Amino acid sequence: MKVADLHPWPKVAEEALAIQDRLRPLADLASAGPRTVRTVAGLDVAYADDRLAAAAVVLDAETLEVVEETTALDRPGFPYVPGLFAFRELPALVGALRALSVTPDLLICDGHGLAHPKRFGLACHLGVLTGLPSIGVGKTRLVGDYDEPGTERGAWSPVSDGGQVVGRALRTQTRVRPVFVSVGHRADLDTACAMTLRLTPRYRLPETTRRADHLSRATLKAR
DNA sequence: GCGACAG
DNA sequence: ATCTTGTCGC
């Protein structure tokens, strides 16, 4: 699939922050989620020494069967800095997405979207770059306060930051710690949570990110 | 000055 | 993210 060019890529935090400020207005956080979601793409990155491997796995949203999977190798071009995480993984992720022959209906990112200090996490950034609906499903909180949701699968509670609801703590498995769902681009929070639940029939994390996680690690070992 | 801090 | 042994449980 086609993805907008990244250049110029920032080298330091100051430049990265400027890019976030410039792209933030382009994120569509208001419109309703896609009407029909037939395919969903999971994305993840694995690290080793001075290398990283990104993987994109497209699943049939109905059967959860693999439709296509791609990978891309890269070198760390930016350090890990909370809030600027996207600048570390985006190049590799975009590489994997460009290798895809199909265009997924929704992107499931391993990290946050709106639930970010500048309201422009990885999911927003990737959504703007691809123009595709995207959501963020993180394993831990980055910003915001929230009450522990009920113990049953499906229970959730809002995550608020600066007097604004930026996402939800969603229980995907009964008595298992929740995941953090937030909007990225062209998707609403209800749809994001509904999709997350559809993708977690058995485990805490979406089947999409689990598959992408395995593939990225295997790719790193293979070379 | 002391915590908090996606992966 | 990654480094790591054993251990509890299906």
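Lettering follows sequence order; numbering is per chain, from 1. The model shown is predicted, which means the values in this text are computed figures rather than measured ones. Because only heavy atoms are used, hydrogens play no part in the values below, and waters and symmetry mates are left out as well, while side chains stay in.
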Taking [atom1] from [X] and [atom2] from [N], how many angstroms apart are they, rounded to a whole number?
{"X": "A/D110", "N": "C/dT2", "atom1": "CG", "atom2": "P", "value": "10 Å"}
{"X": "A/I108", "N": "B/dG7", "atom1": "CD1", "atom2": "P", "value": "15 Å"}
{"X": "A/F85", "N": "B/dA4", "atom1": "CZ", "atom2": "P", "value": "21 Å"}
{"X": "A/E89", "N": "C/dT2", "atom1": "CD", "atom2": "C1'", "value": "13 Å"}
{"X": "A/D145", "N": "B/dC5", "atom1": "CG", "atom2": "P", "value": "11 Å"}
{"X": "A/H112", "N": "B/dC5", "atom1": "NE2", "atom2": "C1'", "value": "11 Å"}
{"X": "A/R119", "N": "B/dA6", "atom1": "CZ", "atom2": "C1'", "value": "14 Å"}
{"X": "A/D161", "N": "B/dC5", "atom1": "CG", "atom2": "C1'", "value": "12 Å"}

- Query: Does A/R141 have a side-chain nitrogen or oxygen under 4.0 Å from the phosphate oxygens OP1 or OP2 of B/dC5?
  - Reply: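 Yes, within the criterion.
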
- Message: Measuring to OP1 and OP2 of B/dG7, would you say a side-chain N or O of A/T140 lies under 4.0 angstrom away?
- Response: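 Yes, within the criterion.
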
Over all strands shown, is [X] touching base, sugar-phosphate only, or nothing at heavy-atom distances under 4.0 angstrom?
{"X": "A/Y80", "answer": "base"}
{"X": "A/G136", "answer": "nothing"}
{"X": "A/G121", "answer": "base"}
{"X": "A/L43", "answer": "nothing"}
{"X": "A/L52", "answer": "nothing"}

- Message: Whether the side chain of A/T172 engages the backbone of A/R204 through a donor-acceptor N/O pair (distance < 3.5 Å, no angle test) should be reported.
- Response: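 Checked: pair present.
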
- Side chain of A/R217 (C-beta onward), nearest among B/dG7, C/dT2, B/dA6: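 Among the listed nucleotides, the one closest to the side chain of A/R217 is C/dT2.
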
- For the side chain of A/K139, starting at C-beta, report the closest nucleotide among C/dA1, B/dA6, B/dC5.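 Nearest to the side-chain atoms of A/K139, counting from C-beta on, is C/dA1.
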
- Task: Can you label the angle between the A/H125 ring and the A/F120 ring as parallel, tilted or perpendicular, going by 30° and 60°?
- Result: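 A/H125 and A/F120: tilted rings.
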
- Task: Give me the ring orientation class for A/Y80 and A/F85: parallel if the planes are under 30° apart, tilted from 30 to 60°, perpendicular past 60°.
- Result: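 Plane angle over 60°, so perpendicular.
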
- Message: Evaluate A/L106 against A/L132 for side chain to side chain contact (heavy atoms under 4.5 Å, CB included), listing each step before the verdict.
- Response: CA-CA 6 Å; A/L106 176 68; A/L132 297 177; over 6 Å; no

- Find out if a path of hydrophobic residues (ILVMFWY) with successive side-chain heavy-atom gaps under 4.5 Å connects A/L114 to A/L129.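 No.
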
